[in-house]
Protein chains: 2
Amino acid sequence: MQTGIVASIQPAETASALVRKLGALCLLSEEEIAYLEGLQNNTLSVDKGRDFIEENADLRTTFIVMEGWAIRYGLLSNGRRQILSYALPGDILGLHVNFRAAATYSASALTPLTLAVVDPRRVLEISQKYPIIAAGLSWCTAREFAILGDQAVRLGRLSAQQRLAHLLLELWHRVELIGNGAGDWLEMHMTQADLADTLGLSLVHTNRSLSALRRQGLITVHKDHVRLDDIDALIEMTDFNPKHLSEFRV
Amino acid sequence: MQTGIVASIQPAETASALVRKLGALCLLSEEEIAYLEGLQNNTLSVDKGRDFIEENADLRTTFIVMEGWAIRYGLLSNGRRQILSYALPGDILGLHVNFRAAATYSASALTPLTLAVVDPRRVLEISQKYPIIAAGLSWCTAREFAILGDQAVRLGRLSAQQRLAHLLLELWHRVELIGNGAGDWLEMHMTQADLADTLGLSLVHTNRSLSALRRQGLITVHKDHVRLDDIDALIEMTDFNPKHLSEFRV
DNA sequence: GCTCTGTCATTAACCTGTGACATAGCAACT
DNA sequence: AGTTGCTATGTCACAGGTTAATGACAGAGC
């Protein structure tokens, strides 16, 4: 924790989300911080609802979320969509793309989005020059795998209400971890249709499940926010494991 | 393809599964091949049904499947299991573990299994000394992400029969890719209970779905094998995209 | 060789969580 | 005012779950 404090003093206030995230994991030198910030100089703004990665298209770019939320999703020929995961500030999309001829998922901006655009070949450079950063990126990869694994468990073995509760916990915890939390409130950047496409449920049943959790006093639903009224009960009903998200509180 | 041919001549017959896999992707030097084979000198045999990674336990090892099949899975407190993915020869488990304090999934041997046991710190060494191999490992990571993404789409947005068909196609294609294929036959190393835990279905409904595909003339079911009788129709009904598995035919 | 036990596959009957459709209300935008 | 998008809810249908039973097969023990 001492390590974390030292790092936090340095990159905390004006640092990019990725630097704050990695800085909370390990002690970054000023050189490493400068390198990471320089890496993110080339930015792209994406309007809410616009795609910036298209499945099956060539993908030659690594994106780092600087501000806003994005979704990774797969689309079927019948128009059905499955959201795979949410990308928050500090998250990386396409970290392992140098051998990928085509994208295996699409990505879209859920809110107005600012992305850093990075040449994937820089990743090799990082591994050779900055082993600490490389280790941090490796951790980011493992975490991404854990998040997607939880999504598969959620879809395959939880009931509708449990899925919803588990997803709310995940997002709430992740927002907390990046320092954007608001106590037990979670800002809902997505519509109920997005929730449905995340949970593998119909729109109607998603709304029902939301209502059910509300009636049980577990959540309070406002227009753009949800409050988690009994976090322990939600955790209990879903087997939510915060360790899958790793502790790197900013 | 010329590159693939040259590489295949060299490591083809007695080479380990990982070397054959990476060798089919890129031209490996003799030094690189020797390094990769040396990396896999420390092996572990695991009996069928035994766990070798336990969720929430410390994970300080990278495993490479040399022979046999394994599963990655998550387990809930009510005993329900969700199989996340299958690991075949040449696949790597725990490639990104140097910052993981604990495993976020369990892994178990589906068949008698031979694993190479590798220190995760060797990955950094690889990145610094063997950039071609590092790129190959990066590709392995992206592929693993694609496979798990397909699993989420399957669980979230496909019907029971489609899930089954899609999974059979995935496994069949992956077996083909590592050179262990037998035409349109797929050796079934798993029980129907394993299938059920992969597909997020009940055991009984899994059997029903199997019967339904059989009745439709799409598959032929034998005790330990399944034959895909109409691969095009199976692909059509499921949106199966072989490109997600990448083409690296050995 | 026979019996018993355990595992796995298969199927029927009944039940239920969830999907689809329809409708209504509200807010924001044109 | 009309349109669009989103949320909310009722009704009915159905895909899939649960329970129970049966059959086949392999292995262990006598």
Side-chain angles (χ1 to χ4, degrees), chain A residues 47-50 76 78-83 108 110-112 154-168 187-216 219-226 237-238, chain B residues 47-50 76 78-83 108 110-112 154-168 187-216 219-226 237-238:
Chain A
D47 289 343
K48 175 178 175 178
R50 294 291 305 273
L76 295 172
N78 59 12
R80 285 172 172 249
R81 181 176 70 154
Q82 178 59 56
I83 291 177
S108 180
L110 202 48
T111 69
R154 189 189 283 140
L155 292 170
R157 284 288 180 246
L158 296 188
S159 68
Q161 285 176 43
Q162 288 174 320
R163 291 182 205 182
L164 176 57
H166 195 279
L167 177 68
L168 292 176
E187 193 168 354
M188 299 294 280
H189 292 290
M190 53 281 178
T191 63
Q192 288 185 16
D194 296 324
L195 279 183
D197 284 343
T198 310
L199 302 174
L201 301 172
S202 68
L203 175 55
V204 175
H205 205 62
T206 299
N207 180 271
R208 285 191 193 122
S209 303
L210 209 45
S211 297
L213 292 185
R214 179 169 32 186
R215 278 198 308 275
Q216 294 164 45
I219 61 175
T220 301
V221 183
H222 285 249
K223 185 179 166 189
D224 294 316
H225 291 72
V226 166
M237 79 183 270
T238 59
Chain B
D47 289 342
K48 176 178 173 175
R50 295 290 305 271
L76 295 171
N78 60 13
R80 282 170 176 248
R81 181 176 71 154
Q82 178 58 57
I83 291 177
S108 181
L110 200 49
T111 68
R154 192 190 281 140
L155 291 170
R157 283 292 180 242
L158 296 188
S159 68
Q161 285 175 44
Q162 287 173 319
R163 291 183 204 180
L164 177 57
H166 194 280
L167 177 68
L168 292 177
E187 194 169 353
M188 299 296 278
H189 292 291
M190 53 283 179
T191 63
Q192 287 187 17
D194 296 325
L195 280 184
D197 285 343
T198 309
L199 302 174
L201 300 173
S202 67
L203 174 55
V204 174
H205 204 63
T206 299
N207 182 267
R208 282 188 194 130
S209 303
L210 210 44
S211 297
L213 292 186
R214 180 170 32 189
R215 276 197 307 276
Q216 293 163 46
I219 61 174
T220 301
V221 183
H222 284 250
K223 187 180 164 188
D224 295 313
H225 292 72
V226 167
M237 78 183 270
T238 59

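Computed from a prediction, not measured in an experiment: that's the story for all the values here. The sequence lines fix the lettering, A, B, ..., with proteins before strands; numbering per chain opens at 1.
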### Summary
As a check of understanding: the bend across the helix from C:dG1-D:dC30 to C:dT30-D:dA1, end axes from five pairs, rounded to 10 degrees, works out to 30°
### Task
Would you please name every residue forming a side chain to side chain donor-acceptor pair (under 3.5 Å) with A:Ser159, sequence neighbours left out?
A:Gln162
### Query
Starting at CZ of B:Arg214 and ending at C1' of C:dT11, how long is that distance when rounded to a whole Å?
12 Å
### salt bridge (Lys or Arg N to Asp or Glu O under 4.0 Å) pairs, two or more places apart, involving residues 204-215 of chain B
none
### Residues in side chain to side chain contact (heavy atoms under 4.5 Å, CB included) contact with B:Ala160, at least two apart in sequence or another chain
B:Leu201, B:His205, B:Ser209
### Message
I need the residues from residues 188-197 of chain A with at least one non-hydrogen atom less than 4.0 Å from DNA chain D; give them sorted by number, or say none.
### Response
A:Thr191, A:Gln192
### Query
Given B:Met190 and B:Ile83, is the side chain to side chain contact (heavy atoms under 4.5 Å, CB included) satisfied, shown in steps?
CA-CA 11 Å; B:Met190 53 283 179; B:Ile83 291 177; over 6 Å; no
### Summary
Taken in chain and number order and not counting sequence neighbours, the residues that satisfy side chain to side chain contact (heavy atoms under 4.5 Å, CB included) with A:Asp224 are none
Filtered N/O pairs between nucleotides 19-28 of chain D and protein, under 3.5 Å:
none

### Query
Among all residues two or more places apart in sequence or in another chain, which pass the side chain to side chain donor-acceptor pair (under 3.5 Å) test with B:Thr191?
B:Asp194
### Task
Mind checking B:Arg80 for me? I need base, sugar-phosphate or nothing, with any heavy atom below 4.0 Å counting as a touch.
sugar-phosphate
### Query
Roughly how far apart are B:Gln161 CD and B:Leu164 CG, rounded to 0.5 Å?
8.0 Å
### Query
Just how far, in rounded Å, is P of C:dA24 from CG of A:Asn207?
17 Å
### Query
Can you name the residues that form a ring-ring contact (aromatic ring centres under 6.0 Å, His included) with B:His189, not counting sequence neighbours?
B:Trp69
### Summary
Here the distance between atom C1' of D:dG16 and atom CG of A:Leu201, to the nearest Å, is 14 Å
## Note on the structure
Contacts of B:Val221 and A:Ser202 projected onto DNA chain C by closest heavy atom; the upstream (5') one is B:Val221
### Task
Quickly work out the B:Leu203 CG to C:dT10 P distance and round it to whole Å.
10 Å
#### Entry: d(CG, A:Leu213; P, D:dA8) in whole Å
13 Å
### Message
I want to check something: taking the side chain as every heavy atom from C-beta on, are B:Thr111 and B:Glu187 in contact at a cut-off of under 4.5 Å?
### Response
no
### Message
Could you check whether any side-chain heavy atom of B:Leu76 comes within less than 4.5 Å of a side-chain heavy atom of A:Leu158, counting everything from C-beta outward?
### Response
yes
### Summary
Hits for side chain to side chain contact (heavy atoms under 4.5 Å, CB included) against A:Asp47, two or more places apart or cross-chain, chain-then-number order -> A:Arg50
### Task
Rounded to the nearest angstrom, tell me the gap between atom NE2 in A:His205 and atom C1' in C:dG19.
9 Å
### Message
Could you check whether any side-chain heavy atom of A:Asp197 comes within less than 4.5 Å of a side-chain heavy atom of B:Arg157, counting everything from C-beta outward?
### Response
yes
### Task
Could you please spell out the steps behind the side chain to side chain contact (heavy atoms under 4.5 Å, CB included) verdict for B:Thr206 and B:Leu210?
CA-CA 6 Å; B:Thr206 299; B:Leu210 210 44; 5.5 Å; no
### Query
Starting at CG of A:Leu210 and ending at P of D:dA8, how long is that distance when rounded to a whole Å?
6 Å
### Query
Pairs in or reaching into residues 158-168 of chain B: which pass salt bridge (Lys or Arg N to Asp or Glu O under 4.0 Å), with residues at least two apart or in two chains?
none
### Message
Let's see if you get this right: which residues in residues 157-164 of chain A place a heavy atom under 4.0 Å from DNA chain C?
### Response
A:Ser159, A:Ala160
